[in-house]
Amino acid sequence: MRKIWKSTLTITALALILAFSGVPCVVHAAEADAVSTVPPDGAAALPGGAPNAAPAVPSPAPVSLQGKKLSILGDSLSAFPGTMPADYNLFYPQGEVGRPDLTWWGQTLTMTGMTLCSNASSANTNITGNSLDMSGSAPGCSFRRIMDLRGKDGSAPDVILVQMGINDFSRSRTIGSYTGPKMHAEGEIMTFTDAYDMMMQKIKALYPSASVYCCTLLERAPFGNESGIPAVNLNGNTVADYNRQIKKIAAAYGTPVIDLYNCGINYTNLNLFTLDGIHPTIIGGNVVAQTVVQALLK
C-alpha cells in the first residue's frame with residue numbers, strides 16, 4: 001500500500017509543480033499580523049460567573065511544539081475574520097466566542113505555544129466539489145484551499161490539521177468505500193472518499209515536511225426535532241460512517257488521526273458544548289483543544 005500511494009503522490013506532485021509553475025500563492029489579504037492568545041482585562045463573564053477567557057492552560061508550553069507554525073484546513077467550526085483570506089466565508093464571532101483565541105484552534109495555540117501560519121477555513125464548504133474552483137468557497141480537495149495553507153509570507157506550516165467534512169455529511173454526499181490511493185481527474189469530485197483522497201495527495205505533495213493530522217468529525221444535532229439520538233442524513237448515514245472512511249484514508253497515508261468524535265462531545269450533550277448543535281462554545285472549544293494537544297504531544 002505504501003508503494004502505491006508514494007507512486008500516486010509522485011505523479012500528483014509533478015502535476016502540481018506544472019500547474020503552479022510561476023503562479024504566486026494566494027495573498028491572505030485579511031489576515032492579521034498575529035493572533036492574540038491573551039484575553040484582555042475586563043473580559044465579560046460567562047453564565048455562572050466564569051470569566052470569558054480561555055481556560056487555564058499548561059505553562060510553559062511544551063517544548064516540542066513551542067514556536068511551530070500551525071495551519072488549519074477547516075470549515076465554519078474554525079472560520080474567524082482577520083485570520084483567513086478575505087474572500088472566505090465567515091461564521092465566528094458568534095455568541096460568547098468573540099475573539100480568535102477563544103476558538104478551539106486559538107486555545108490550541110495558547111496551550112502549545114505554536115503560532116498561526118494560515119487559517120484556511122471557510123464556512124459552509126465541503127471537501128467534495130469542483131477541485132478547480134478558485135473562489136473562497138472552493139472545496140477542501142481544490143488547489144485553492146491547499147495552497148492557502150501557506151502563510152501570507154509564503155512560509156510552509158510545520159503542522160497541518162484537517163478539520164473538514166461535516167458539511168459533506170449534512171448535504172448527504174455519497175461516502176464511497178475507500179480501498180486505497182488512486183489517480184483522480186480534476187473537476188467535480190462528488191464522492192467523499194475520492195475527494196478526501198485527492199485532498200491528502202495534494203497536501204502531502206505540497207507540504208512534504210509538515211506533520212499532518214486528520215480530525216474525525218464532531219457529532220452534530222439531528223436535522224429534525226429529535227433529541228438524544230445521532231444525526232442521520234438523507235442517505236441513511238451517520239457521522240460515524242464518515243469517520244470510519246476518514247480513518248481508512250489517514251491510515252493509507254501514514255497520517256495520525258485526532259479522534260474528535262470521541263472527545264466527550266456527543267449527541268447527548270451538544271446543548272452544553274455548542275452554540276447551536278454544531279459549533280463549539282468556549283468550553284466546547286476547550287474540550288476539542290485538549291484532545292488536539294494530547295494527540296500532538298504523542
Side-chain angles (χ1 to χ4, degrees), residues 9 13 16 25-26 28 31-37 54 57-75 77-80 83-85 88 100-122 127 140-141 145-165 196 199-218 246-247 249-261 263 280 285-298:
L9 190 56
L16 286 168
C25 295
V26 176
H28 294 207
E31 285 186 339
D33 290 336
V35 176
S36 172
T37 57
V57 297
S59 180
V63 174
S64 60
L65 295 174
Q66 181 76 47
K68 297 287 187 181
K69 294 177 290 185
L70 171 68
S71 288
I72 306 107
L73 180 59
D75 47 34
L77 275 69
S78 307
F80 204 103
T83 70
M84 42 193 263
Y88 273 29
D101 58 298
L102 300 179
T103 62
W104 71 268
W105 58 263
Q107 294 186 58
T108 297
L109 293 179
T110 302
M111 292 179 189
T112 60
M114 291 191 292
T115 60
L116 183 64
C117 181
S118 173
N119 183 15
S121 300
S122 185
I127 292 176
C141 69
R145 296 295 293 278
I146 307 305
M147 292 295 289
D148 282 352
L149 289 169
R150 288 190 176 275
K152 60 181 179 179
D153 60 353
S155 61
D158 299 306
V159 179
I160 296 173
L161 299 180
V162 180
Q163 174 275 302
M164 284 192 76
Y196 209 106
M199 175 184 70
M200 290 300 294
Q201 289 176 19
K202 290 176 178 177
I203 291 174
K204 291 286 188 175
L206 284 178
Y207 309 100
S209 299
S211 297
V212 183
Y213 296 81
C214 296
C215 297
T216 58
L217 309 179
L218 286 167
I246 289 174
K247 290 179 179 180
I249 298 169
Y253 288 93
T255 302
V257 172
I258 301 178
D259 195 5
L260 298 186
Y261 186 73
C263 72
N286 184 252
V287 172
V288 172
Q290 294 281 2
T291 303
V292 170
V293 172
Q294 289 176 18
L296 294 179
L297 292 178
K298 284 185 178 179

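Starting from 1, each residue takes its place in the sequence as its number.
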My understanding is that only residues two or more places apart in sequence, or in another chain, count here; which of them pass side-chain hydrogen bond (donor to acceptor under 3.5 Å, both in side chains) with [X]?
X      : answer
Thr255 : Lys204
Ser71  : none
Ser155 : Asp153

Identify the two heavy atoms, one from [X] and one from [Y], that lie closest to each other, and give their separation to 0.1 Å.
X      : Y      : value
Leu102 : Gln107 : O-NE2, 3.2 Å
Ala120 : Leu149 : CB-CD2, 4.0 Å
Thr216 : Leu260 : OG1-N, 2.9 Å

- Message: Would Tyr253 and Gln201 count as a side chain to side chain contact (heavy atoms under 4.5 Å, CB included) here? Give the steps.
- Response: CA-CA 9 Å; Tyr253 288 93; Gln201 289 176 19; 3.1 Å; yes

- Asp148 and Tyr88: side-chain donor and acceptor closer than 3.5 Å? yes

- Task: Report yes if some heavy atom in the side chain of Cys263 is under 4.5 Å from a heavy atom in the side chain of Leu218; otherwise report no.
- Result: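 Touching, per the 4.5 Å side-chain cut-off.
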
- Item | Met114 vs Thr108 side-chain heavy atoms within contact, under 4.5 Å | yes

- Query: Residues two or more places apart in sequence or in another chain: which of them pass side chain to side chain contact (heavy atoms under 4.5 Å, CB included) with Thr103?
  - Reply: Phe80, Val97, Trp105

- Please assess Met84 against Ser78 for the test side chain to side chain contact (heavy atoms under 4.5 Å, CB included), listing each intermediate value before the final yes or no. CA-CA 10 Å; Met84 42 193 263; Ser78 307; over 6 Å; no

Using atom types as modelled, flag every donor-acceptor pair under 3.5 Å from a side chain in residues 291-298 to any protein atom, sequence neighbours excluded.
from   : atom 1 : to     : atom 2 : distance (Å)
Thr291 : OG1    : Val287 : O      : 3.1

- Taking salt bridge (charged side-chain N to carboxylate O under 4.0 Å, His left out) as the test, write out the residues that go with Lys247, two or more places apart.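 Lys247 satisfies salt bridge (charged side-chain N to carboxylate O under 4.0 Å, His left out) with Asp259 once adjacent residues are dropped.
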
- Stepwise side chain to side chain contact (heavy atoms under 4.5 Å, CB included) check, Ile72 with Leu116: CA-CA 9 Å; Ile72 306 107; Leu116 183 64; 3.6 Å; yes

